[in-house]
Structure formats: structure tokens, C-alpha cells
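One structure below.
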2 protein chains.
Amino acid sequence: MDWKGRVSPKTISRLSLYRRLLTDYAANEHAERIYSHGLARLAGVSAAQVRRDIMSVGYSGTPNTGYEIRALVDHISAHIDAPEGQQVALVGVGNLGRAILSYFSGGRRAQLKVVAGFDTAPEKTGRVLLGCRCYPMDQLAEVARRERITIGIIAVPASVAQETADRLVGAGVVGLLNFAPVPIKVPLNVFVENVDITIKLETVAFFALRSR
Amino acid sequence: MDWKGRVSPKTISRLSLYRRLLTDYAANEHAERIYSHGLARLAGVSAAQVRRDIMSVGYSGTPNTGYEIRALVDHISAHIDAPEGQQVALVGVGNLGRAILSYFSGGRRAQLKVVAGFDTAPEKTGRVLLGCRCYPMDQLAEVARRERITIGIIAVPASVAQETADRLVGAGVVGLLNFAPVPIKVPLNVFVENVDITIKLETVAFFALRSR
DNA sequence: CCCTGTGAAACAGTTCACAGCG
DNA sequence: CGCTGTGAACTGTTTCACAGGG
């Protein structure tokens, strides 16, 4: 696949957002086309930003007519999805883990499937929760290999987050989404995204204070 | 303390992280001082970055000796906390809402307190959950005013996220942390941070695929 | 016209590199 | 020396502004 130059995480995130907004928009408004400024309004970004992002997936609209939604969505998908799909493991099936599962059990995207949950608490394992089978921690390596899992979601307490990351990486995972409030260290060939909710809230609080 | 030249959200987020890391580090390692490269290693950023960030709170370390942890933490707190604290409302007491509550019920920071939860489901209201009293939605305005709530956390389904945001803003909230997978629109004097978990996961999946 | 595509400018954030000091 | 503080350089991202087209 030839894709021109590097695409930044920010662009990828926006493309993912555009795809979802466009899918909803096409379904709800029965529209087939959209302008850059229309999509911009939906996404809360500038029209120029939308055009740049769309450039990066190699799709072209037509002047005065805008973008063909279906075609645009297909181009975005071709650029950001793995052709064969990707399997995801969720470690930590507490409140947060279950909340995450419910986001994905809707079955919107078959692209990314949470195929296994793991937890140390015996009462949470051996069950199927929101369509996701849950296993005890010590089966992680085995299940990860069997299910071809490449992505891990860390939803465990901070005290065991690094250890969890290490085990996931050891089991062949190359992408991690970490919700534990501690930065985790991984080899450079593994991509990590830290989502630290308390930091987010403190940041909101800071700017809220100054926006009055 | 008129250092309030523009500080970026990214810097604020890192400062919040530094503060937590330093607090833990001082407690666990019984250390009183730290070098920029030491803090950098803990936070997973560069030493130059740490020094820049610390500059922005107006604290100075000493050459060869590094930073005095206690003093540094105090400077960070003085810079990012509201002197009188801030009250937070959580709307949506489902799995995600409860997960968020458990992050803050630890009582680490008395600075930011989730003082009220709101939900439409009657069985979730009228109770105290993880130290947070839960009310029915129609008491939002009243409670928000009484408790001097300035920050709102949106943990409701996408379909009612915008409506929820509007009600919070109407009740005087000036900062929003939105977990619903839809961008919300607010007046410019309100600060919003969108945390879209499905987008995060798709972004991780994209880069995992390409990480050599 | 009113769109899109895009070079160029502007802006933001990060790192470099070194002076200065204990 | 080995550290911090910081101007300057650099890198990445967003916006501007306008050519080109149906």
C-alpha cells in the first residue's frame, strides 16, 4: 500500500471521528453528499482542517458538489482499518472494563473486536459478559495466541498496570490503550496511548477557571 | 503570581502528572530532591521538556542539586488549583460513571470533589454511591447552584449528550469532560474536553499495525 | 459563483545546545 | 564537573488565501 508520507495520530483520530459522523449523518439525514464545512461543523473543527485530512486519505471531492459520503467513508476505512480486522483483549473487568465493553458490544464495527476479557477475581472469569468471554489472568498468553490478539486495553489498578502491560507485550500485543493513572513503559515497537482520567479532569478544571 | 502567560493544555496535563508522580515518589523512595532527568524518566518525557514545564510554574531548581520535591509540588499546586477548590457533577451513573467515581473517591485530592451524581434511572438516585450523593436529573439546576458546581462530567449515552451538556451549561458549569462518543457544542466561555474511547482504540489499532 | 486542493504563512510545541553556577 | 535555565533552532500542525473547476 502506498500512502503518502506519515499521517499523524491527530489526523487518524479525526478520520475515525469523521467516519462515524458521516455514517450517522448519511443514515439520519438521508444525504449522499457533504461539504467540507458541513463535516467541519459536525466534527467541531475548521473546514480547511477537514480538507487537509481528506487529502491524506487520497480521496477527492468535486468543486461545488462536495464529497460523496459513501466513497469518502470507504476511503477512510481503507486507510485506517487492517484488512483482516484486529482482535482486542481487555484486562480488568471492573466498572471501567464493563463500560468499555458496552461501547464495543454495539457491534458497530466488526473491524475491532474485544474477543477476551481477563481478571484476577474468580467470580468475573468463566463467564460471557456483553458478548465477551472472560478468562483468569494466567490464561492470557495462551488465549492471546489462540485468538490472534494484537491490541490490549489496560483497565486495572495503577499498582499492577506496568506488570499487566509487560504480560500483554510478552503475549505479542503491539498496541496498548492504558486507563491506569500511571505512564507505562513498553518497547519502542509497541504503541501506547495513555488515557488518564484524573489528569483530564484537572486540565478541564484549570481552563474552566480561566474561561469565565 | 502573574506568571499567567499562556500555558498550553499539554503543559497543564504534564504538570498534573508530575505532581502525582512526585508525591508518590517522595513517599515511596523517601527522597527530597529530584533531577529533571529523573522526573523525565518517571513521566516518560524528555528532560528538556520537564525543565520547560517547571519554568512555566515559576519554580527554580539549583544546579547540581536538582529540584526540591516538596517545593516543586507546592508551586505546581499553586499554579493549577483553584484556591477555593472546585465542585464537580457527574451525569450518568452507569458503569462508566461508577468507574470515574472510584477514581476520585480515593480522596487523594480534596481539590476536585465530585459532589453530586445525576441519572434518569430512579433506582440509581436517592443513594450515596462511593461517597457521592445521587439525584434525579430534574434536580440538576437546583443542586448545581446549591453546591456551587463548576465542572461537569458527561457519562451518558451519545443520544442525550448534547442535551446534557446544555443543561449543565445552563446550570452554570464552565468546564466539561465528555465521555460520550459525539462532539458537543458549547458557548466559547465553556471549556470542553472530549474523551472518545472508541476513537482512541481505533488510533491505537492503526499505529499498532504499523509499528514495525 | 461556491466549492475543492494546496502552496505558503503562521502558529504551537519540542528539542538543541550552551552559558552560568554551585 | 553535572546540573539548571533559556534563546534559538527545529519539527509538527493548523490556518490562510487563492488558483482552478464544474
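Letters go in sequence order (proteins before strands), and every chain restarts at 1.
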_Distance-only donor-acceptor test, A:R52 side-chain atoms vs D:dT15 base atoms, 3.5 Å_ = yes

*Do A:D119 and A:C134 have side chains that get closer than 4.5 Å, going by heavy atoms?*
no

*Ignoring the backbone of B:P63, work out which of D:dC3, C:dG5, C:dT15 is nearest its side chain.*
D:dC3

*Can you tell me if the side-chain N/O atoms of A:S36 get under 4.0 Å from OP1 or OP2 in C:dT4?*
yes

*For the pair A:F206 and B:H79, name the ring-plane relationship: parallel under 30°, tilted 30 to 60°, perpendicular over 60°.*
parallel

*Of A:P9 and A:A48, the one whose closest DNA chain D nucleotide lies more 5'*: A:P9

*Check the distance between C:dT4's P and A:I54's CD1 and give it to me in whole angstrom.*
8 Å

*Are B:R33 and B:Y35 in a cation-pi setup, meaning NZ or CZ lies under 6.0 angstrom from the ring centre and within 45 degrees of the ring axis?*
no

*Rounding to a whole Å, what distance do you find between B:Y59:OH and D:dT6:P?*
14 Å

*asked:* From NE2 of A:H75 over to C1' of C:dT4, roughly how many Å is that when rounded to an integer?
replied: 15 Å

*Can you check the B:I34 CD1 to D:dT4 C1' distance for me, whole Å?*
14 Å

*Side chain of B:Y67 only, please: which of D:dC3, C:dT15, D:dT4 is the nearest?*
D:dT4

*Quick one: is D:dT15 close enough that its OP1 or OP2 comes under 4.0 Å of any side-chain N or O from A:S46?*
yes

*OP1 or OP2 of C:dT15 sitting under 4.0 Å from any side-chain N/O of B:Q49?*
yes

*Does a side-chain N or O from B:R33 land closer than 4.0 Å to OP1 or OP2 of D:dT4, or not?*
no

*Euclidean distance, atom CG of residue A:N64 to atom P of C:dG5 [Å, nearest integer]*: 13 Å

*Have a look at A:T11 and say if it touches a base, only the backbone sugar-phosphate, or nothing, with a 4.0 Å heavy-atom cut-off.*
nothing

*What integer distance in Å separates A:L72:CG from C:dG5:P?*
10 Å

*Do the side-chain N or O atoms of B:S60 get closer than 4.0 angstrom to the phosphate oxygens (OP1, OP2) of D:dT4?*
no

*Please check the phosphate of D:dT13 (OP1 and OP2 only) for any side-chain N or O of A:S8 closer than 4.0 Å.*
yes

*Less than 4.0 Å between a side-chain N and a carboxylate O, is that true for A:R19 and B:E202?*
yes

*Please assess A:N64 against A:T62 for the test side-chain hydrogen bond (donor to acceptor under 3.5 Å, both in side chains), listing each intermediate value before the final yes or no.*
CA-CA 6 Å; A:N64 239 358; A:T62 35; over 6 Å; no

_Between P of C:dT6 and CE of A:M55, the distance in whole Å_ = 5 Å

*Under 4.0 Å between any heavy atoms, over every strand shown, what does B:T65 touch: base, sugar-phosphate, or nothing? Just pick one.*
nothing

*B:K10 side chain: which of D:dT15, C:dT14, D:dT13 is closest?*
C:dT14

